[in-house]
Amino acid sequence: MTQSRPNEFIPPSECPVFEPSWEEFADPFGFINKIRPIAENTGICKIRPPPGWQPPFACDVDRLHFTPRIQRLNELEAQTRVKLNFLDQIAKFWELQGCTLKIPHVERKTLDLYVLYKLVKEDGGFDVVCKERRWSQIALKMGFAPGKAVGSHLRAHYERILYPYYLFQKGANLMNSQKPTLNNDTKDKEYKPHDLPQRQSVQPAETCTIARRAKRTKVKGRYRNLIHTLTSLFKLDNNALVADVLIKGDRKDFYLRTIWFLYNKVCTVFLLWQCLFVFPSQVEQYMCLVCGGGGDEDRLLLCDGCDDSYHTFCLIPPLHDVPKGDWRCPKCLAQECGKPQVAFGFEQAPRDYTLRTFGDMADSFKSDYFNMPVHMVPTELVEKEFWRLVSTIEEDVTVEYGADIASKDFGSGFPVKNGTFKVSPEEEGYLSSGWNLNNMPVLDASVLTHVTADICGMKLPWLYVGMCFSSFCWHIEDHWSYSINYLHWGEPKTWYGVPGYAAEQLEKVMKNLAPELFESQPDLLHQLVTIMNPNVLMGHGVPIYRTNQCAGEFVITFPRAYHSGFNQGFNFAEAVNFCTADWVPLGRQCVEHYRSLNRYCVFSHDEMTCNIAAKADILELELASAVQKDMCAMILEEKMLRERGVWHSQQVDYDLLPDEERQCAKCRTTCYLSAITCPCSPDQLVCLHHIEDLCSCPVKSYTLNYKYTLAELKPLFQALTARAESYEDWASKVNKILKADQDNKSDLEELRSLVVEAEKKTYPETDLLSHLSCILTSFKWMQICICVNRYRSGGGKSQNQLTVEELRSFVNQLYDLPCTIRQAPFLKALLNRVEQFQQESSDLLAEDMPGSSALDGLLDEGASLDVELPQLAVLRQRLEQARWVEAVQEASDQPADLSLDCMRRLIDQGVGLAPHACVERTMARLQELLTVCEHWEEKAHNMLTARPRHSIVTLEAAIQEVDSIPAYLPSCLQLKDCVSRAREWIMEADALQAGGRIPGLAALSELVSRARGIPVMLEPLTRLESLVSEVQAWKESAAKTFLLRNSSHSLLEVLCPRCESGPQKSKSKKAKDTCVFFSKQMATLSDVHQKELESLSMLRTSNESKFQSSPSCLAPTVCLCHTVPAGPMLQCELCRDAYHSGCVPGFKDVQSGLPWLCPLCKHSEKPPLDKVLPLLASLQRIRVRLPEGDALRYVIERTVRWQHKVQQVSPTPQDISLESHHLRHWLVATVLSTCCCLVFLSMVSQPHLMFLIHTYRGVVNVWIKIFGIVSCVTELSVELEELLVEGLLLQVTLPELQQLYSSLLNRFLPSQHSLQSSEHDHQYHIAQDRSPPHKSPPHNKGQVGEHS
């Protein structure tokens, strides 16, 4: 397997943590006994003292100094140490042959030579693996990926590095086999051995020099090598020769071979004599042990161990070069590598530390290692990094640990009485506290109180100063005792514990995983030098628990509980051992275990037992009972051992001898009751178990040394028995009562008397006493429960309700009590009701979703029981769910009211409910419905606001999908209404033009206007809008043709007959009349025209009457300014009213020979008829009926009828003359009446009036001359007047009207008339010879402007 990064460490389960109250904390051993049933199952536990328990740190910091242990982390772990030992042996093997070991790399990872060696060995060895071609399988076992040529690389590395060592371990003769060579790859990393003196016996040379060669200059030992060579030749194969011949069985051949052998020996002796005495100068000083020659001395090697000589070319295979460094021959190599290893242990640091200097070093190491402040490094990170470091070979991290520092030398961390540390008055309680580790081992309940010696670490606390990664390895406490550790201050300490029942399992697993370590050290786990990854142990079924001990916390380990751990950083801890009564039998088992391991005891268990027995009268009963059983076993064993037949005996007071002088020579057990000695070795003794191992003398010569005779032990045992039997009698009575059947139950008072007796005689807190106390407590609970139920039945409500389990347990206890309780049936009935309620609840809750009414009823029933029922919370929860589901169902049944807000509100209510299948389904359906509704609402809104608009087919298809959604969707309903309105509109549009009908403009415009408010694409709309556009264009064209510039009249007002003539109405009045007129649908245009003629006739008559004489002689008001006539005046041919020329805009533009109309009578431009007829023709092509069109048709009809009348009626000259005569008389009367009015009103000047009244003719002439009345058409006949007026009312210009007016004007104004017109035919003047010029009164330009 390649040396890959170890798997990430998985922390084991946490051990229990206890937080005692102040009352529990006051009795340490009582609390420990209380938690023991729980904590001993995990091996370790943590105890947090009550808040406020903070003892002062009493250690003398300035005086404390210590030398810590050096811990190389990867040497602590068992499996890693095995690999390191193996690599050290391989490196040593090659180093002694002048080669350096380099670890090869395969697939970019360091090759694990140990695993490769073990796998090949397990598969039968190198030859078998090669023969059966198993290298690929070995590669797979080592974790390499298949399909690559890794197997061949592994074979090459094994054959080059490991195979020679394998042959060496088997004892093969390397001289007669292939001599190994180590040709390393330059890429391989050189292996540096872990050269600890405790672990490595041979130290390598400090300098690397060329191996020593034979030199002739050496005189010392001149003939040693030669003699050694010849002697070897002389002994050559003697035994082998004889054995070979005897095996073959040929006796004759045996004689021949023997003669030949003797001949060779004689020749060899002769040669030796010659070399030594005949030719001494020619003898070489060094000779090769292989070839026997001394030539080629530059190739002759000397072994650095034994000085034997070997040619480099005589070695097999030959060496090409002289090796560098030390070189060992095969014999020395076997001797060096065969030395046993020294037991592994920790080195002491080379320097001494104070607490301050050690803390500086520890903090610096941790901060540098993790590259962050020490207080910011997470404990989980340190834990994972620690187990990674101890499991890797490449990283050599070294730390130091100040462990096992005696508190008696520097003082304890706790304050002690008569100590150097002075406590304040409020801190004096810590001096006598049972949790003070100086007091705990010697408390009355502690067995160690009876051990007379002050044992450091057991009775006297030890101090521990840790740094990051410093560790304490797997171990159990001496004599399998309890231990307690208190962390005074500093960073946490991480613990791992194994329960006591799994101790042998842990030992077995570690021996199986690292057997090489236990072969050399059977008691390795007692040396505190070996750890193993908890994950590895857990993988093999060992239960392990962990905890982080913080400052101010205790950690307790239980008997035979293996524990280990490490420090998270710089801290200060203190630990001590203690033993309770329950430990006594385990202590004797531990002594037997130590005897099997030949391990010494810290104290004599038998001595402790006898010391306790001597104080039987004052012992606690529990301790007396335990020691009585232990002493009984001790006496029986001692009696059996003393019956072995030793004749001599003597009494020895072993109390006076130190422990080391009374240890068994075999098992190292401390003897106390007896020991065996022999006169041959009086200073050596053995225990009675190893009498055979003392010496070879007969047993009869041995002497039995004893402390007590068996008779002397009997009183001690009887005293213990008497003390323990009183408790046993009490326990017997209790057991009898507790085991009584239903018919033989005792009275409750008898149970109370037994409890009182136990309290009076201070019996220990055993299970029996606890059971009795529980019985009485149960009886009290029964009384409380009865009171509670009575209170409840009386209408009240109890606050402290019993749980169902408590009630059931209580009822069972009542029936299990050794006394009868009459209230038990009542509680049994209550329990039955509760169980019935639970069954009904289970049945109801088993339904998918029960009804809310059923749940309400069951909740009421459960509330009436007044028992803490967990089903009530579930039922309330289910009731909320049921109500919500019913609310959703009710809302779904009324889709018209199920709006989006309602769905969102229901979803918000459902989100807070507990999970349930029905709720989830309902919620899913509701959310799905909400999603669909939101989608369609958005889609409907987009359809309503889309540009261009959607067709009605698309919308109807969407509506069909929406109809299947059971919800109220405003936008969808609006969309539906729009489609309905669109359908109605289309029907109206089709009906409007059905059967060749011509629609009216109002209906068409209203239809188009409604269509624009419908967000649907309507196909007829474009056509109708086109018609309306054409109509509007036609109306604009007609308006341009008829309307005056800036006219206030509409086209319809211009084209229609006027209902009234006279002053212009206001716009509001005019609009109202127009609306009334439109409402009549143009059906009475003829009647309106008739009214127009009548009203115009009355207007003409009224205006003409202004100029007639009146009795009042008031001057008439004329013109737009409503003043009297003055200056040049104009008279309208239609209304007959007079106007000042200055008040009429455009006066100078009036054409002569044409009738003049005032601004109030002229409504339009009066276009020629030939311009009007095309308008009518284009209107007929549009095929839209509108009021303006009907009015235009009526105008043209009137025009045609008028033209026809004009053709029929033509005035004759006689008529015209008669009319002219009447006109003159009318003028005279008018002038006279006007003058009278002017005089009365004083509206003219005096000179002007005098001139007017001279003569009749003069007045007439003056009137004519002043006013210049040119109009001749004043007294026409009624028919001509109506014809002229009707022609003037027409809104078109006709040549017939001009001709009629011109001919009448020429005929009624002859040339001999005395009146002379000036500037215009329609003007008349007032004389100005004596009067100042007339100034027209100012008039509102805006008023005239409206009619211009």
Side-chain angles (χ1 to χ4, degrees), residues 942-959 974-1043 1047 1049-1056 1071 1074-1075 1077-1083 1085 1164-1165 1167 1170-1197 1291:
N942 294 337
M943 286 183 170
L944 291 173
T945 59
R947 293 293 184 274
R949 295 174 176 175
H950 293 282
S951 65
I952 192 170
V953 177
T954 303
L955 298 183
E956 285 180 341
I959 289 174
Q974 185 180 357
L975 181 64
K976 197 172 184 179
D977 179 68
C978 291
V979 172
S980 177
R981 288 191 294 145
R983 281 296 179 191
E984 293 177 0
W985 187 90
I986 292 174
M987 293 176 62
E988 292 180 10
D990 293 341
L992 191 64
Q993 295 179 322
R997 297 177 184 176
I998 299 178
L1001 178 61
L1004 188 63
S1005 298
E1006 189 271 339
L1007 198 62
V1008 171
S1009 177
R1010 279 198 296 126
R1012 289 171 180 165
I1014 301 175
V1016 183
M1017 186 179 68
L1018 303 171
E1019 295 181 357
L1021 179 61
T1022 304
R1023 178 168 50 82
L1024 296 183
E1025 287 179 339
S1026 177
L1027 283 176
V1028 172
S1029 299
E1030 291 179 4
V1031 169
Q1032 293 297 333
W1034 181 88
K1035 289 177 67 175
E1036 292 176 2
S1037 177
K1040 290 180 182 179
T1041 303
F1042 282 96
L1043 296 183
S1047 175
H1049 301 286
S1050 65
L1051 179 62
L1052 184 60
E1053 292 174 344
V1054 170
L1055 295 179
C1056 291
T1074 303
C1075 294
F1077 180 75
F1078 290 164
S1079 64
K1080 296 180 180 180
Q1081 297 291 328
M1082 305 297 289
L1085 288 177
S1164 68
E1165 292 287 351
D1170 55 353
K1171 290 185 179 181
V1172 176
L1173 292 177
L1175 290 175
L1176 183 60
S1178 62
L1179 180 62
Q1180 292 177 350
R1181 289 194 299 271
I1182 294 176
R1183 294 186 62 78
V1184 176
R1185 187 168 175 269
L1186 67 162
E1188 290 83 354
D1190 294 341
L1192 183 60
R1193 291 189 189 93
Y1194 184 70
V1195 167
I1196 294 176
E1197 291 177 0
Q1291 298 303 322

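Just so you know, residue 1 is the first one in the sequence shown, and it goes up from there. Hydrogens, waters and symmetry mates are skipped; everything else that's a heavy atom, side chains included, is used.
When all heavy atoms are compared, the tightest approach of Arg949 to Val1016 is CD-N, 3.7 Å. Nearest heavy-atom pair, Lys976 versus Ile959, reported as atom, atom and distance to 0.1 Å: CA-CD1, 3.5 Å. Taking each heavy atom of Leu944 and Arg947 in turn, the nearest pair found is O-NH1, 4.3 Å. Across all their heavy atoms, Trp1034 and Leu1192 have their closest contact at CZ2-CD2, 3.6 Å.
Side-chain contact between Leu955 and Cys978: absent, with no pair of heavy atoms (C-beta onward) separated by less than 4.5 Å. Side-chain atoms of Lys1035 and Leu1186, non-hydrogen and from C-beta on, do get closer than 4.5 Å to each other. Between Val1172 and Leu1176, every side-chain heavy-atom pair lies at or beyond the 4.5 Å cut-off. Within the 4.5 Å cutoff, side-chain heavy atoms of Arg981 are placed close to those of Pro1015.
Distance check: Phe1042 CZ to Glu1053 CD gives 14.5 Å after rounding to the nearest 0.5 Å. With values rounded to the nearest 0.5 angstrom, Gln1291 atom CD is found 10.0 Å from Leu1043 atom CG. Residue Ser1009 holds its OG atom at 11.0 Å from CG of Leu1004, rounded to the nearest 0.5 Å. For the atom pair Glu1188 CD and Ser1050 OG, the distance stands at 7.0 Å (nearest 0.5 Å). Note that the CH2 atom of Trp985 and the CG atom of Leu1024 stand 4.5 Å from one another [nearest 0.5 Å]. Distance CG/Leu1055 to CG/Asp1190: 10.5 Å, rounded to 0.5 Å.
Ser1026 places no side-chain N or O within donor-acceptor distance of the main-chain N or O of Thr1022, the cut-off being under 3.5 Å.
Using a cut-off of 4.0 Å between Lys/Arg side-chain N and Asp/Glu carboxylate O, Glu1025 and Arg1012 are scored as salt-bridged.
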